[in-house]
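Numbers restart at 1 for each chain; the letters A, B, ... are given by sequence-line order, proteins then strands. Just so you know, these numbers use all the heavy atoms, side chains as well, and skip hydrogens, waters and symmetry mates.
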Amino acid sequence: MNVRVRFAPSPTGSLHIGGARTALFNWLFARKHGGTFILRIDDTDLERSSEESYREILNSLKWLGLEWDEGPYLQSERLDLYRKAAESLLAEDKAYLCYCTPEELAARRRQAQAEGRAPAYDGRCRNLTPQERCRLEDEGRRPTIRLKVPDKGTTVVKDVIRGEVVFDNSTLDDFIIVKSNGIPTYNFATVIDDHDLGITHVIRAEEHLSNTPKQILVAQALGYELPLYAHVPMILAPDRTKLSKRHGATSVEEYREAGYLPEAIINYLALLGWSPEGDEEILPLEEIIRQFSLERVSKNAAIYDNKKLTWINGHYLRTLDLDKVTRLAIPFLQAKGFVPEPLPEDSYPHVRAVVAAVRDRVKTLSEVADAASYFFTNITEYEEKGVRKFFAIPGTADLLEQAKERLKNVEPFNKETTEKAYRDLAAELGIPAGQLIHPTRLAVSGRTMGPGLFDILELLGKDKVLARLDQAIEWIRRNF
RNA sequence: GGCCCUAUCGUCUAGUGGACUAGGACGCCGCCCUCUCACGGCGGAAACCGGGGUUCGAAUCCCCGUAGGGCUACCA
């Protein structure tokens, strides 16, 4: 079978983690089977759809590397298709015009609920006479179109992940397939498009499982063959509710801005609801594609865990090609004003070396910039804890003074030579090297933690190191 | 309310009737490495929602509870 799958977001907001995961599973399935991954934009909600979120969704998908083979198809540009389908249903008496207004419907729904009845449409417009229709239209009512749903029998959803799910037709009502503004509803348009685009597998979030019998009824009324369904579990926030803004970063765009790597997000998302065959969870994309199967998708909703994503991000940050990581880190350094934009070509090697020095100890690109600050800016303050632990120790200024004198003559000035100078000095003074190293780190970086001191010294260069030692010596003498 | 889905460590999960003393990962704790912080290595605490069945045997199958989620819109 020639696999054709689609991702069909509605452009009513950012591409969030849940949508990205759905897109990923479709993409993986297509790649795995040499199929076609189609992007469709379900923009039939005129009020909520926006050009802005349309663009953001496309950008996010591209950034993640989930390139589509066809599309994007916009439902708003395919209205003719739906109109024709609706007309044929009307002609075949499989659908009918309904003149009830939203207000009337809402009132009846409230009443039904108050009386403890199911809030379903009562089918009152099903058998309107032509005269009645004329009268209602004369009142200025614009009709919707409803599908005639059989009140007997069952509709069965064949789901690759959940098996056969049976719905009693009696629990369904004559739902609206075309709104009074002539725009189709989701449950109508999606069926026609899936058929028209030759979709073989509908892979989407579980929230659509309950909608599926309606879509099957539409497909049957239209005489379509059904695709295979796969309803993947939902992704929930830590409080077990649907992901939303109040849960903090949930959109792909926000993760990009926070310094997450597409490789990490893809890898993490693949692990949400799907599991690899072995114990290894950090997997290159080719391996995920190779192993991917709908059969290994779990049934239960997953709670989203930022900690694990961040851990995976840290892993990719320190294992991905250094030049690649450096290129990605540069905008974050520029955002903090550490390096100019554009970056002069001759300063690239230095930036690259700085990234190499700090990337092992951080988890995001934005943290790379934070961890690298003192390589690009002057020291304006010393970490409080370090001051107490090192600068406050009597004799520290003198020690730094001696260290400075040694470093002055070190040539060339690099990791090995500075380390030798320090080790030698410590030996001569009969003190542990740490007694020299720790206050020096604080003096040159303002911090108590970071890369190995001698890496820092080499990266900073002799001039800056000597100047910062002077600055620290003076600071200590002034404060203690 | 009705209908539907789901239920294994805090979280993601492995597990498809005996190989389970329930495995892995994140997080947490401890130790090692070490100039700090990380990384890495080693170790530890930590789970089968409850109750009934079926079976020689149940995390696994069935039923009932319970809990969470979804749908029940002229949203998708």
For A/R441 and A/K214, take the nucleotide of RNA chain B holding the closest heavy atom to each; which residue's nucleotide lies nearer the 5' end?
A/R441
Give a yes or no on whether the backbone of A/I282 and the side-chain of A/N267 come within a donor-acceptor separation of less than 3.5 Å.
no
Taking only the side-chain heavy atoms of A/D305 (C-beta and beyond), determine which of B/C71, B/C5, B/U11 contains the nearest atom.
B/U11
So, under a plain 3.5 Å distance rule, would you say the side chain of A/R48 forms a donor-acceptor pair with the base of B/C75?
yes
Between A/P233 and A/K415, just flag the one whose closest nucleotide in RNA chain B comes earlier from the 5' side.
A/P233
Which nucleotide, B/A76, B/C12, B/A25, lies nearest any side-chain atom of A/N211?
B/A76
Closest to side chain of A/M234, choosing from B/C26, B/C12, B/G69
B/G69
Any chance you could measure A/Y229, atom OH, to A/D194, atom CG, to the nearest 0.5 Å?
7.0 Å
Does the cation-pi check pass for A/R447 over A/Y374, that is, NZ or CZ under 6.0 Å from the six-membered ring centre and within 45° of its axis?
no
Would you classify A/F454 as touching base, sugar-phosphate or nothing, given that sugar-phosphate means primed atoms plus P, OP1 and OP2, and contacts are heavy atoms under 4.0 Å?
base
Base, sugar-phosphate alone, or nothing: which one does A/N300 contact when heavy atoms must sit under 4.0 Å apart?
sugar-phosphate
Just checking A/K363: base, sugar-phosphate only, or nothing, at a heavy-atom cut-off of under 4.0 Å?
sugar-phosphate
Look at all strands and tell whether A/R109 reaches a base, only sugar-phosphate, or nothing, counting heavy atoms closer than 4.0 Å.
sugar-phosphate
May I ask you to say whether A/R162 pairs ionically with A/E206, meaning some side-chain N is under 4.0 Å from a carboxylate O?
yes
Is there a Watson-Crick or G-U wobble partner for B/U55 with both distances under 3.5 Å, and if so, which one is it?
none
Hey, does A/S298 reach any base, or is it just sugar-phosphate, or nothing, if we go heavy atoms under 4.0 Å?
sugar-phosphate
Parallel, tilted or perpendicular: ring planes of A/Y382 versus A/W475, cut at 30 and 60 degrees
perpendicular
Across all strands, who's sitting opposite B/C39 as a Watson-Crick or G-U wobble pair, both distances under 3.5 Å?
none
From the candidates B/C35, B/C74, B/C5, the one with an atom nearest any side-chain atom of A/P102 is B/C74
Got a donor-acceptor pair under 3.5 Å from the side chain of A/E281 to the base of B/G24?
yes
Look at all strands and tell whether A/H231 reaches a base, only sugar-phosphate, or nothing, counting heavy atoms closer than 4.0 Å.
nothing
What nucleic acid atoms does A/V178 come within less than 4.0 Å of, heavy atoms only: base, sugar-phosphate, or nothing?
nothing
G-U wobble or Watson-Crick pairing nucleotide for B/A67 (cut-off 3.5 Å, both distances):
B/U6
Whom does B/C74 pair with, Watson-Crick or G-U wobble, provided both distances fall under 3.5 Å?
none
Among B/G69, B/A25, B/U13, the one nearest A/L236 by side-chain distance
B/G69
Can you tell whether the side chains of A/K84 and A/E87 come within less than 4.0 Å, N to carboxylate O?
no
A/D45 side chain, from C-beta outward: closest of B/G27, B/C4, B/C75:
B/C75
Any strand counts, and the cut-off is 3.5 Å on both contacts for Watson-Crick or G-U wobble. Which nucleotide pairs with B/A25?
B/U11
Which nucleotide in the list B/C5, B/G24, B/C35 gets nearest to the side chain of A/E206?
B/C5
Scan A/R318 against the nucleic acid and name what it touches under 4.0 Å (heavy atoms): base, sugar-phosphate only, or nothing.
sugar-phosphate
Is it true that the NZ or CZ of A/R296 lies under 6.0 Å from the centre of A/F292's six-membered ring and within 45 degrees of the ring axis?
no
Reckon A/K389 touches a base, only the sugar-phosphate, or nothing at all at heavy-atom distances under 4.0 Å?
nothing
Which nucleotide in the set B/C37, B/C26, B/C5 lies at the smallest distance from any side-chain heavy atom of A/V165?
B/C5
For A/R240, answer base if it contacts any base atom (sugar-phosphate contacts may also be present), sugar-phosphate if it contacts only those atoms, and nothing otherwise; contact means non-hydrogen atoms under 4.0 Å.
sugar-phosphate
B/A46 - base-pair partner by Watson-Crick or wobble geometry, distances under 3.5 Å
none
Counting any heavy atom closer than 4.0 Å, what does A/R296 reach on the DNA or RNA strands: base, sugar-phosphate only, or nothing?
sugar-phosphate
NA contact type, A/S275, heavy-atom cut-off 4.0 Å: base, sugar-phosphate, or nothing?
sugar-phosphate
Nucleotide of B/U36, B/C3, B/C74 approaching A/T171 most closely (side-chain heavy atoms):
B/C3
A/D279 side chain, from C-beta outward: closest of B/G23, B/C4, B/C37
B/G23
Identify whether any heavy atom of A/T12 sits under 4.0 Å from a base atom; if not, whether one sits that close to sugar-phosphate; answer base, sugar-phosphate or nothing.
nothing
Report which part of the nucleic acid A/S210 touches: base, sugar-phosphate, or nothing (heavy-atom distance under 4.0 Å, all strands).
base
